[in-house]
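In what follows, a structure is listed as structure tokens, so that the remarks can point back to it.
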Number of protein chains: 2
Amino acid sequence: MGEIEEVLKKHHIRPTAIRLLMYKYLRDRNVAATLNDIESGFDKSDRTTLYRTIKTFEKKGLVHQINDGTGIAKYALDDKTTGTTALQDLHLHFHCIKCNETVCLTDHKIPHISLPKGYLSKDMNLLVKGVCDKCNLK
Amino acid sequence: MGEIEEVLKKHHIRPTAIRLLMYKYLRDRNVAATLNDIESGFDKSDRTTLYRTIKTFEKKGLVHQINDGTGIAKYALDDKTTGTTALQDLHLHFHCIKCNETVCLTDHKIPHISLPKGYLSKDMNLLVKGVCDKCNLK
DNA sequence: GAAAAACATGCAACTTAAGTGCAAATCTAT
DNA sequence: ATAGATTTGCACTTAAGTTGCATGTTTTTC
């Protein structure tokens with residue numbers, strides 16, 4: 001359990017009990033989680049605390065928010081290697097319209113996009129909607 | 001004004017007064033509009049009516065919804081040519097983090113993306129965040 | 001052209017995610 | 001151990017989105 005503690009400290013987050021648990025929760029999950037998902041996994045803790053915890057994680061660069069078109073924010077850990085944060089980790093997100101789950105396809109980077117003159121790109125989000133492998137088999 | 005009426009009829013939408021006005025409003029605007037934006041432009045009409053009108057437009061393929069990460073849905077006309085709807089009009093959206101405006105860059109198509117085995121793509125959204133040309137000059 | 005059916009509009013209310021204020025609890029450093 | 005800072009939990013607020021229903025308007029049918 002000291003491993004997670006190290007990760008949090010590296011991101012300048014004080015390793016409280018809830019934070020350790022939430023990190024573990026997110027790490028053991030392979031799909032992005034809504035605040036409701038997280039809430040369901042932590043009956044004991046308050047919604048606000050979980051909300052502020054995930055926002056702290058986000059601010060410190062531990063997780064990133066994903067907008068998959070459902071209108072509900074989802075969150076996923078920034079990198080599985082738990083190493084230093086990549087400055088431009090512009091992977092794509094896949095949202096399954098059947099099971100409603102969203103995953104980071106970290107191996108699939110966003111190709112270079114040319115913009116009109118005068119436009120400056122700071123960040124990118126590529127969202128692909130469709131049917132995931134699991135739902136495709138059914 | 002009969003021109004807009006034709007467009008609506010072509011999309012099987014009955015051309016009521018509000019619908020004509022909203023179409024005109026969206027056409028004369030070069031950035032995507034939130035429901036609040038639309039509301040501000042139509043003091044007379046009710047929020048619900050405007051909401052249902054934009055949803056009707058969306059359902060009939062006249063407008064598309066844009067999620068630019070602000071958490072508030074924006075809408076823009078599907079095609080400027082007012083012709084038949086392109087089945088795969090996968091252009092990209094640019095959201096300016098300074099002026100908060102979002103535009104469709106219809107000339108900039110999304111490049112082909114390869115997905116993992118078993119994944120089926122139905123739709124795509126590419127959102128670029130940065131500074132638009134107007135804000136860049138300031 | 002009147003009556004019936006279908007659709008559009010406006011008002012009020014509800015739902016839900018997100019966010020804030022504040023006091024109590026916990027942790028950190030001296 | 002105590003003072004200061006941070007975290008947590010509860011209650012409340014905000015705002016977007018949505019629905020139910022009654023009224024108004026248009027379209028269709030005879």
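All chains are named by letter (A, B, ...) in the order of the sequence lines, taking the proteins before the strands, and each is independently numbered beginning at 1.
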Per nearest nucleotide of DNA chain D, the residue lying toward the 5' end, A:Ile18 or B:Tyr51, is A:Ile18
note: A:Ile54, atom CD1; C:dA17, atom C1'; distance rounded to Å ~ 15 Å
Atom CG of A:Leu20 and atom C1' of C:dC27 are separated, to the nearest Å, by 14 Å
Here the residues of residues 29-41 of chain B within 4.0 Å heavy-atom distance, strictly under, of DNA chain D are B:Asn36
_Using modelled atom types and a 3.5 Å cut-off, is there a donor and acceptor pairing between side-chain atoms of B:His11 and backbone atoms of B:Phe57?_
no
query = Taking only N and O in the side chain of A:Thr16, is any of them less than 4.0 Å away from OP1 or OP2 of D:dT8?
reply = yes
Out of C:dA17, D:dT8, C:dT20, minimum distance to the side chain of A:Thr53 belongs to D:dT8
Quiz item: Is it true that atom NZ of B:Lys55 has more than 12 heavy atoms of other residues, nucleotides or ligands lying nearer than 6.0 Å?
Solution: yes
Rounded to whole Å, CZ of B:Phe57 lies from C1' of C:dA8 at a distance of 13 Å
Whole-Å distance, B:Arg47 CZ to C:dC14 P, equals 15 Å
Quiz item: Is the side chain of A:Asn136 donor-acceptor paired with the backbone N or O of B:Gly118 at a distance under 3.5 Å, no angle test?
Solution: yes
Does a side chain donor of either B:Thr34 or B:Asn36 reach within less than 3.5 Å of an acceptor in the other side chain? no
As a quick check of understanding, evaluate side chain to side chain contact (heavy atoms under 4.5 Å, CB included) for B:Ser114 and A:His108, giving each step before the final call.
CA-CA 8 Å; B:Ser114 67; A:His108 293 68; 4.0 Å; yes
Q) Taking only N and O in the side chain of B:Ser45, is any of them less than 4.0 Å away from OP1 or OP2 of C:dG10? A) yes
Checklist entry - Which part of the nucleic acid, if any, lies within reach of B:Lys55 when heavy atoms closer than 4.0 Å are counted: base, sugar-phosphate only, or nothing? => result sugar-phosphate
The single option from A:Lys74, A:His93, A:Glu58 that satisfies side chain to side chain donor-acceptor pair (under 3.5 Å) with A:His64 is A:His93
When rounded to whole Å, the CZ to C1' distance for the pair A:Arg52 and C:dA18 reads 12 Å
Between NE2 of A:His12 and P of D:dT6 the distance, given in whole Å, is 14 Å
By nearest-heavy-atom nucleotide on DNA chain C, the more 5' of A:Lys74 and B:Arg19 is B:Arg19
A:Asp46 CG to C:dT20 P, in whole Å, measures 16 Å
(Q) With a 3.5 Å distance limit and no angle check, can you tell me whether B:Arg19 reaches the backbone of B:Thr53 through a side-chain donor-acceptor pair? (A) no
To the nearest angstrom, the CZ-P distance between A:Arg14 and D:dT8 comes to 9 Å
